[in-house]
Amino acid sequence: MSKKSKKTETAEPEDYQAALRGLQIELVKLQRHLIKNNLRILIIFEGRDASGKDGVIKRITEHLSPRDTRVVALGKPSDRDMQTWYFQRYVAELPATREMVLMNRSWYNRAGVEPVMGFCTKAEHEDFLQSVPEFERMLVRSGTQLFKYYLDISKPEQKRRLDDRRVDPLKQWKVSPIDKTALRHWDDYSAARNEMFARSHSDDLPWHVVRADDKKLARLNVIRHLMSRVDCPDKYQHLAQPDGEIVFDYADAHLQSGAIAP
């Protein structure tokens with residue numbers, strides 16, 4: 001894995017659109033297979049602020065059946081949520097049979113944002129890290145196919161995107177008070193991310209890291225990677241070949257090499 005030294009060149013618009021269309025056709029095939037065989041798929045997207053989670057999710061769901069596809073992006077927990085089992089409000093959002101659910105942030109808030117911002121105690125953070133592997137294994141044993149993607153961006157790219165967000169009138173809904181702390185707490189978020197990887201990545205519950213400085217390459221390769229991992233007899237194998245420089249399973253060596261942003 002080469003060090004993330006510069007932004008990857010974006011594919012030409014016509015090439016990107018053609019590639020995206022082909023992959024979205026594959027996703028429709030996947031949904032047909034999922035419905036026919038009473039399957040359940042849960043896809044978790046994590047990453048720093050402005051890492052491109054919204055864009056990836058939009059391209060995945062754009063042509064899927066809205067009756068059988070849900071995007072979950074929970075807001076601030078209510079007072080009642082604060083008094084219940086941490087995973088409880090997420091359990092209510094899990095996919096039913098024949099459904100695909102995409103989570104734009106998830107229970108991993110407790111591994112990233114919450115400890116950095118002081119929204120949970122050290123004991124609550126530790127309890128989460130101890131509990132989450134078994135919680136996810138319960139989901140998998142019950143028949144849910146679980147995929148975890150972490151969109152990784154460099155510090156200069158995050159700054160550029162946050163600056164753009166503040167001045168673009170079409171992106172005002174994305175602006176939040178936490179944006180102001182994202183760069184200031186860069187190292188704290190890195191430390192929390194690294195501990196999350198170390199404690200919740202395993203062969204049976206892998207984290208798939210996406211180098212997302214180039215939004216278009218990230219979108220295409222997440223879909224390719226997803227299609228490469230699902231059992232879908234109708235899929236076109238040639239399209240299900242992600243770039244291993246863009247999407248790869250977490251390993252400590254990637255932190256040391258710089259493949260994952262420090």
Side-chain angles (χ1 to χ4, degrees), residues 40-58 60-61 64 66-140 142-151 158 161-162 165-166 170-185 188-189 191-193 195-197 199-200 205 207:
R40 299 192 296 270
I41 292 181
L42 173 62
I43 310 173
I44 287 174
F45 289 96
E46 292 289 339
R48 299 180 191 267
D49 290 328
S51 60
K53 298 180 290 296
D54 293 310
V56 172
I57 291 170
K58 179 180 179 180
I60 292 175
T61 61
L64 298 182
R67 291 188 300 274
D68 305 292
T69 311
R70 280 191 297 118
V71 176
V72 176
L74 298 183
K76 181 180 178 181
S78 67
D79 290 342
R80 184 178 186 280
D81 290 331
M82 300 289 287
Q83 303 302 318
T84 62
W85 179 45
Y86 176 71
F87 292 100
Q88 187 162 317
R89 71 183 189 132
Y90 294 102
V91 169
E93 304 294 344
L94 293 173
T97 300
R98 301 188 296 277
E99 191 174 38
M100 180 188 295
V101 169
L102 301 92
M103 286 191 173
N104 186 343
R105 295 200 184 276
S106 66
W107 42 81
Y108 281 102
N109 276 332
R110 181 139 292 181
V113 174
E114 290 190 15
V116 171
M117 299 303 298
F119 296 158
C120 70
T121 66
K122 290 183 178 179
E124 288 170 335
H125 180 222
E126 176 61 26
D127 181 67
F128 170 81
L129 291 172
Q130 290 186 23
S131 302
V132 70
E134 184 53 31
F135 173 71
E136 292 178 350
R137 288 190 177 101
M138 288 172 61
L139 298 182
V140 173
S142 73
T144 299
Q145 297 180 65
L146 174 63
F147 300 91
K148 302 189 294 186
Y149 291 99
Y150 183 91
L151 274 60
Q158 185 186 50
R161 293 184 188 181
L162 290 175
R165 176 184 293 183
R166 283 190 284 270
L170 297 178
K171 297 180 180 178
Q172 292 299 299
W173 64 272
K174 293 186 176 184
V175 177
S176 76
I178 293 179
D179 288 354
K180 298 178 182 179
T181 69
L183 291 167
R184 187 166 71 248
H185 287 286
D188 297 325
Y189 278 114
R193 174 203 62 193
E195 184 173 13
M196 177 189 78
F197 284 153
R199 303 281 295 275
S200 61
L205 298 169
W207 273 106

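- Scanning both residues, S51 and R48, for their nearest heavy atoms gives OG-O, 2.9 Å.
- A distance of 11.5 Å separates NE2 in H185 from CG in D49, rounded to the nearest 0.5 Å.
- Looking at heavy atoms from C-beta onward, I60 lies out of side-chain contact with T69 at the 4.5 angstrom threshold.
- Although no hydrogens or angles enter the test, the distance criterion places a donor-acceptor pair under 3.5 Å between the side chain of R105 and the main chain of G47.
- Not a single salt bridge (charged side-chain N to carboxylate O under 4.0 Å, His left out) links R98 to another residue, sequence neighbours left out.
- Under the rule for a side chain to side chain donor-acceptor pair (under 3.5 Å), Q88 has no partner lying at least two apart in sequence or in another chain.
- Taking D54 as the reference, N104 meet the side chain to side chain donor-acceptor pair (under 3.5 Å) condition, with sequence neighbours excluded.
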(Q) Using the rule given for side-chain contact (heavy atoms from CB on, under 4.5 Å), can you reason through E126 versus K122, listing the C-alpha separation, both sets of side-chain angles and the distance that settles it, and then say yes or no? (A) CA-CA 6 Å; E126 176 61 26; K122 290 183 178 179; over 6 Å; no

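- Contacts of R70 classified as side chain to side chain donor-acceptor pair (under 3.5 Å), with partners at least two apart in sequence or in another chain: E93, E99.
- The shortest heavy-atom contact between E195 and H125 is OE1-CE1, 3.5 Å.
- Minimum heavy-atom separation, D188 to V116: O-CG2, 3.7 Å.
- Of all heavy-atom pairs spanning E46 and N109, the tightest one is OE2-N, 4.4 Å.
- When the options F87, F135, W107, F119 are evaluated for a ring-ring contact (aromatic ring centres under 6.0 Å, His included) with F128, the one that passes is F87.
- Atom CE of M103 sits about 6.5 Å away from atom CG of L74, to the nearest 0.5 Å.
- A distance of 4.5 Å separates CG in L183 from CD in Q158, rounded to the nearest 0.5 Å.
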Q | Chi angles and distances behind the side chain to side chain donor-acceptor pair (under 3.5 Å) call for D81, S78 | A | CA-CA 5 Å; D81 290 331; S78 67; 3.1 Å; yes

Q.
Pair Y86, R110 - check side-chain contact (heavy atoms from CB on, under 4.5 Å), show working.
A. CA-CA 9 Å; Y86 176 71; R110 181 139 292 181; 3.4 Å; yes

(Q) side-chain contact (heavy atoms from CB on, under 4.5 Å), that's the test. Do W85 and V91 meet it? Break it down for me. (A) CA-CA 10 Å; W85 179 45; V91 169; 4.0 Å; yes

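- The shortest heavy-atom contact between L64 and M100 is CD1-SD, 4.0 Å.
- Residues R137 and P133 meet the side-chain proximity criterion, which asks for heavy atoms closer than 4.5 Å.
- The side chain to side chain donor-acceptor pair (under 3.5 Å) check on T61 picks up nothing, with sequence neighbours excluded.
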Q. Given the rule in the side-chain contact (heavy atoms from CB on, under 4.5 Å) test, do T84 and R89 qualify, once you have shown the distances and angles that lead to the verdict?
A. CA-CA 8 Å; T84 62; R89 71 183 189 132; 5.9 Å; no

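- Enclosure of atom NZ in K58 is not indicated, since only 12 or fewer non-hydrogen atoms of other residues, nucleotides or ligands lie within 6.0 angstrom.
- Closest non-hydrogen pair, S106 versus I44, comes out as OG-CG2, 3.4 Å.
- Between Y108 and Y150, the distance separating the two ring centers is not shorter than 6.0 angstrom.
- In this structure R40 satisfies the salt bridge (charged side-chain N to carboxylate O under 4.0 Å, His left out) test with no other residue, sequence neighbours excluded.
- We find the CD-OG distance between E136 and S200 to be 6.5 Å, quoted to the nearest 0.5 Å.
- T181 is listed as a side-chain neighbour of R184, based on a closest heavy-atom distance under 4.5 Å.
- Looking only at distances, no side-chain donor or acceptor of R199 sits under 3.5 Å from a matching main-chain atom of L129.
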